[in-house]
Enquirer: 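Dropping the structure in here first, questions after.
Below, read A as the first sequence line, B as the second, and so on, with proteins coming before strands; counting in each chain starts at 1. FYI, side chains are in, hydrogens and waters are out, and symmetry mates aren't considered; it's all heavy atoms of this structure.
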Number of protein chains: 2
Amino acid sequence: MKSKYTTIIDIARQLNISKSTVSRALTGHPNVKEPTRKAVLELASSMEYQRNSLALGFSKHTTNTIGIMVPEFMSTYFPSVIVGVQDVMQAAGYNVVICQQNESYESEVSNMKLLLSYRVDGIIVSHTKETRNFDHFTLAQRRGVPLVFFNRVPDDMNVPNVVVNDYEAAFQAVEHLIAIGRKRIAHLAGPESLVNTRLRRQGYLDALKKHDIPYNPDLVLSYDLTTEKVKIYMKHFLDLATPPDALFAINDPTAIAAMEVVKAKGLRIPEDIAIVGFSNDFSAQLVYPGLTTVAQPTADIGRTAAEMLLQELKAKVKNDYTIKKAPTIQLPTKLIVRESTVSPSKLRNK
Amino acid sequence: MKSKYTTIIDIARQLNISKSTVSRALTGHPNVKEPTRKAVLELASSMEYQRNSLALGFSKHTTNTIGIMVPEFMSTYFPSVIVGVQDVMQAAGYNVVICQQNESYESEVSNMKLLLSYRVDGIIVSHTKETRNFDHFTLAQRRGVPLVFFNRVPDDMNVPNVVVNDYEAAFQAVEHLIAIGRKRIAHLAGPESLVNTRLRRQGYLDALKKHDIPYNPDLVLSYDLTTEKVKIYMKHFLDLATPPDALFAINDPTAIAAMEVVKAKGLRIPEDIAIVGFSNDFSAQLVYPGLTTVAQPTADIGRTAAEMLLQELKAKVKNDYTIKKAPTIQLPTKLIVRESTVSPSKLRNK
DNA sequence: CAAAAAATTGGAACCGTTCCCATCAAAAAA
DNA sequence: TTTTTTGATGGGAACGGTTCCAATTTTTTG
């Protein structure tokens with residue numbers, strides 16, 4: 001089967017020179033006479049020569065391509081991290097291939113194998129909520145493919161990663177709720193499998209403790225990040241004998257789904273119940289009332305992760321993280337106060 | 001340089017058989033004795049053999065991978081189309097590589113070349129708002145790589161595509177505004193380069209004509225889809241001697257940005273100005289008031305495009321669309337009426 | 001102007017896999 | 001038992017590029 005793509009051999013034949021020379025001319029090797037180079041370049045362009053990355057990667061053992069794996073991309077968080085990654089990587093001459101897992105562990109494993117089978121040079125990852133087994137990640141490491149994690153980092157793996165201080169950010173968010181006079185603060189936490197869940201919950205607990213508010217286990221529920229469950233759990237909170245006067249939600253979609261339940265029940269936000277989310281998703285400013293939330297520097301997270309990966313890639317001797325401590329970078333967050341915790345009139349006076 | 005990946009030659013050497021036999025065992029060729037196959041499979045799994053897709057694609061001239069190119073993915077529209085595409089393609093045993101253009105023509109060209117250099121078997125595309133030159137698309141076709149377009153389809157190219165009836169949907173949306181008694185209906189249109197812009201505007205014009213509302217050129221502006229411009233143009237509309245009492249926006253982000261301008265000016269939605277968007281982005285239900293909009297079956301669009309591409313891929317003889325008419329599939333839209341056009345009390349009575 | 005040095009080019013190996021063809025062994029048929 | 005058919009395996013070319021080394025040409029130098 002003859003392919004329709006032009007090859008360097010086609011060019012070589014037409015010019016009656018060897019393919020080595022054509023290759024040299026095309027890659028900008030210095031040892032090519034000017035007229036030869038010109039002839040090759042002209043013919044290549046007129047024949048619309050398109051180099052075969054498969055052949056190239058195959059023969060050079062490096063593809064100049066990296067992969068990025070995200071658990072989902074319906075919120076704006078991951079897309080905007082990806083934009084940051086592409087930014088840095090394209091400037092560095094790398095191609096970026098995006099894989100999306102739909103929060104499925106199975107997809108994650110198969111996408112990882114896909115990326116490895118395409119011999120990507122490195123991978124930036126945030127794992128799914130289902131991921132409890134990390135063998136597919138260590139496999140990549142054993143193959144010499146550097147990994148950089150962000151946001152969701154496996155906590156028993158020593159890998160380079162970019163995160164925010166989830167603990168501190170949660171602590172501040174809860175302190176904000178306390179500052180506006182709330183005492184019965186509920187927390188809708190995420191799945192146990194995510195570090196973020198544990199850190200943010202600890203921040204919540206410690207903020208309560210600092211302000212001498214006793215911890216009430218009835219007000220903390222972990223859930224699987226599905227919209228249906230939010231509705232059930234939120235209804236449960238509101239039906240308690242003494243319902244909460246505030247909610248700290250693991251993320252913005254959770255907070256927004258919770259707001260709907262509150263509104264459907266005819267309660268007022270923030271008067272009856274104040275709500276705080278996490279990540280400052282684009283939708284946080286759109287909902288009514290505007291959602292108070294912890295902003296993450298998403299594009300920066302992407303850029304930083306990309307730079308970290310570039311470090312790994314250009315290290316002549318691969319860093320061995322079974323011996324050496326892997327680098328972590330923590331980026332700052334910022335509490336964005338909106339109407340879901342402070343009524344509009346007060347906000348304006350600020 | 002020795003790669004850390006196991007190859008079929010490593011396996012062959014260890015078992016003292018030829019690489020042909022190993023290859024046959026791994027690909028499930030029938031002519032392999034059972035004990036041999038078993039030995040190969042076991043060793044492959046214990047050595048964590050991972051086939052080299054570069055070598056495979058290189059030798060077979062087919063990669064079992066398709067690309068999808070989208071102009072942006074910060075709204076939910078394109079991500080959810082992608083999910084539909086992945087759905088069908090994964091079931092059919094194909095890998096999907098996602099490329100995101102950031103609405104940049106330059107990125108589009110370079111991503112197209114990237115996909116071609118990786119010899120993908122086919123590509124699903126929605127072009128950027130900047131794209132006016134389609135050479136990179138015809139290049140793919142000349143290389144025998146089938147294309148399927150969706151949403152944004154170059155109108156002077158004969159290519160398979162999946163769309164909605166933009167004209168009809170716009171017509172209905174505007175009729176809805178007329179039905180609720182609006183007479184001065186403004187239209188914020190998109191860039192001239194997109195078919196959607198032209199079709200939706202035509203729908204707008206024809207709806208006015210049908211209901212004997214004279215066309216007022218002052219009330220129609222085309223713009224480049226940037227948030228800053230919406231603000232300027234919307235302010236301009238509101239500052240007219242007789243400002244519009246309704247707005248039909250090219251898409252939901254436009255409508256939502258326009259709503260902010262209206263609210264900032266202290267006007268009421270829908271009483272002073274009713275607003276309709278397009279696509280039913282996830283945020284349309286979140287904004288306050290809820291945005292009336294035209295829902296598109298996004299996941300279905302993705303699934304349909306994927307199925308169309310599969311048709312192209314399995315055609316033994318490639319369809320030549322320089323001769324033959326390319327198929328088009330039009331999927332249904334649905335007008336979703338929310339509070340931005342009908343006040344809550346009336347909505348409830350319906 | 002011949003010899004040495006430098007620049008340019010060609011040839012061949014290599015990368016990992018598939019696949020066609022040849023070979024050989026085993027099983028079936030004569 | 002011999003021949004034919006079938007099944008299992010090995011050998012090697014092909015895919016498109018890079019790269020090292022050798023060969024050739026050109027330039028420089030003594």
Side-chain angles (χ1 to χ4, degrees), chain A residues 1-41 43-44 47-65 113 116-119 121 143-144, chain B residues 1-41 43-44 47-65 113 116-119 121 143-144:
Chain A
M1 180 179 73
K2 198 76 206 89
S3 155
K4 295 192 184 176
Y5 289 89
T6 314
T7 71
I8 57 169
I9 299 176
D10 298 333
I11 297 176
R13 253 197 293 265
Q14 283 217 27
L15 293 176
N16 217 16
I17 57 178
S18 76
K19 63 173 183 171
S20 326
T21 306
V22 176
S23 168
R24 275 187 288 256
L26 290 170
T27 51
H29 194 281
N31 284 358
V32 181
K33 236 200 274 183
E34 199 41 43
T36 317
R37 153 172 296 122
K38 208 169 150 243
V40 170
L41 259 39
L43 186 58
M47 292 178 78
E48 292 182 301
Y49 170 74
Q50 185 71 54
R51 81 148 182 265
N52 185 332
S53 294
L54 296 171
L56 202 156
F58 172 49
S59 101
K60 296 232 296 181
H61 282 288
T62 167
T63 51
N64 235 35
T65 301
K113 296 205 165 150
L116 291 181
S117 86
Y118 273 105
R119 301 297 189 259
D121 295 342
R143 292 288 182 254
Chain B
M1 180 179 73
K2 200 72 208 95
S3 155
K4 294 193 184 174
Y5 288 89
T6 316
T7 72
I8 57 169
I9 298 175
D10 299 334
I11 298 176
R13 251 198 293 267
Q14 283 217 26
L15 293 176
N16 218 15
I17 56 178
S18 77
K19 60 178 179 162
S20 320
T21 304
V22 176
S23 169
R24 274 187 287 258
L26 290 170
T27 51
H29 193 282
N31 282 1
V32 181
K33 237 200 269 182
E34 200 42 43
T36 317
R37 150 170 298 122
K38 203 164 156 246
V40 170
L41 260 40
L43 186 57
M47 293 177 80
E48 289 182 306
Y49 169 76
Q50 184 70 52
R51 81 146 178 265
N52 186 332
S53 294
L54 296 170
L56 200 157
F58 173 49
S59 112
K60 296 233 295 179
H61 283 287
T62 168
T63 52
N64 234 35
T65 301
K113 295 206 166 147
L116 291 181
S117 86
Y118 273 106
R119 301 296 190 262
D121 294 343
R143 292 290 181 252

Enquirer: Measure the CG-OG1 distance between A/Leu54 and B/Thr65 for me, rounded to the nearest 0.5 Å.
Expert: 9.0 Å
Enquirer: Can you check the B/His29 NE2 to C/dC20 C1' distance for me, whole Å?
Expert: 10 Å
Enquirer: Take atom CG of B/Asn31 and atom P of C/dA26, then tell me their distance rounded to the nearest Å.
Expert: 16 Å
Enquirer: Check every atom of D/dT9, D/dG17, C/dG10 against the side chain of A/Ser59 and return the nucleotide holding the closest atom.
Expert: D/dG17
Enquirer: Would you tell me if any nitrogen or oxygen in the side chain of B/Tyr118 comes within less than 4.0 Å of OP1 or OP2 on D/dG16?
Expert: no
Enquirer: In whole angstroms, how far is the P atom of D/dG16 from the CZ atom of B/Arg119?
Expert: 8 Å
Enquirer: Using whole Å, what does the distance between atom C1' of nucleotide C/dC14 and atom CD1 of B/Ile8 come to?
Expert: 15 Å
Enquirer: Rounded to the Å, how far apart are A/Lys19 NZ and D/dC15 C1'?
Expert: 10 Å
Enquirer: Under a 3.5 Å distance rule, please check whether B/Arg37 uses its side chain to pair with a backbone N or O of B/Asn31 as donor and acceptor.
Expert: no
Enquirer: Is there a donor-acceptor pair under 3.5 Å between the side chain of A/Asp121 and the backbone N or O of A/Asn64?
Expert: yes
Enquirer: Could I get the full list of salt bridge (charged side-chain N to carboxylate O under 4.0 Å, His left out) partners for B/Arg24, not counting sequence neighbours?
Expert: none
Enquirer: Partners of B/Arg51 by salt bridge (charged side-chain N to carboxylate O under 4.0 Å, His left out), sequence neighbours excluded?
Expert: none
Enquirer: Check every atom of D/dT9, D/dG16, D/dG17 against the side chain of B/His61 and return the nucleotide holding the closest atom.
Expert: D/dG16
Enquirer: Looking at A/Ser23, does any N or O in its side chain come under 4.0 Å of the phosphate oxygens OP1/OP2 on D/dT18?
Expert: yes
Enquirer: Classify the side chain of A/Lys60 versus the base of D/dG17 as yes if they form a donor-acceptor pair under 3.5 Å and no if they do not.
Expert: no
Enquirer: How bent is the helix from C/dC1-D/dG30 to C/dA30-D/dT1, measuring the angle between the end axes built from five pairs each, rounded to 10°?
Expert: 50°
Enquirer: Under 3.5 Å, which N/O atoms of the protein pair with N/O atoms of nucleotides 23-25 of chain C?
Expert:
none

Enquirer: Between B/Ser23 and B/Ser20, does any side-chain donor sit less than 3.5 Å from a side-chain acceptor?
Expert: no
Enquirer: Using the side-chain contact (heavy atoms from CB on, under 4.5 Å) rule, pick out the option among B/Leu41, B/Val22, B/Thr21 that qualifies with B/Ile11.
Expert: B/Val22
Enquirer: So B/Arg143 and A/Thr6, do their side chains get closer than 4.5 Å, heavy atoms only?
Expert: yes
Enquirer: Select base, sugar-phosphate, or nothing to describe what B/Asn52 touches, counting heavy atoms under 4.0 Å on all strands.
Expert: sugar-phosphate
Enquirer: Find the distance B/Leu54:CG to D/dT18:C1' and express it as a whole number of Å.
Expert: 15 Å
Enquirer: To the nearest 0.5 angstrom, please state how far the CG atom of B/Leu56 sits from the CZ atom of A/Phe58.
Expert: 10.5 Å
Enquirer: Nearest 0.5 Å, what's the OH-CG distance between A/Tyr118 and B/Asn52?
Expert: 10.0 Å
Enquirer: Quick check against the 3.5 Å criterion: does A/Arg119 have a side-chain atom that pairs as donor or acceptor with the backbone of A/Leu116?
Expert: yes
Enquirer: Roughly how many Å is it from CD1 in B/Ile9 to C1' in C/dT18, rounded to a whole number?
Expert: 12 Å
Enquirer: List the protein contact pattern of nucleotides 20-26 of chain D with one symbol per nucleotide (5' to 3'): B for base contact, S for sugar-phosphate-only contact, - for none; contact means a heavy-atom distance under 4.0 Å.
Expert: B------
Enquirer: DNA chain D: B/Ser18 or B/Ala55, which has the more 5' nearest nucleotide?
Expert: B/Ser18
Enquirer: Which whole-number value in Å describes the distance from A/Lys4 NZ to D/dG16 P?
Expert: 15 Å
Enquirer: Does A/Thr36 put a side-chain nitrogen or oxygen below 4.0 Å from OP1 or OP2 of C/dT9?
Expert: yes
Enquirer: At 4.0 Å (heavy atoms only), tell me whether A/Ile17 reaches a base, stays on the sugar-phosphate, or touches nothing.
Expert: sugar-phosphate
Enquirer: State which residues pass side-chain contact (heavy atoms from CB on, under 4.5 Å) with B/Lys33; sequence neighbours excluded, sorted by chain then number.
Expert: B/Pro35, B/Thr36
Enquirer: What nucleotide among C/dC19, D/dG17, C/dT17 has an atom nearest to a side-chain atom of A/Tyr49?
Expert: D/dG17
Enquirer: Checking side-chain contact (heavy atoms from CB on, under 4.5 Å) for the pair B/Lys19/B/Arg13: CA distance, chi angles, key distance, verdict?
Expert: CA-CA 8 Å; B/Lys19 60 178 179 162; B/Arg13 251 198 293 267; over 6 Å; no
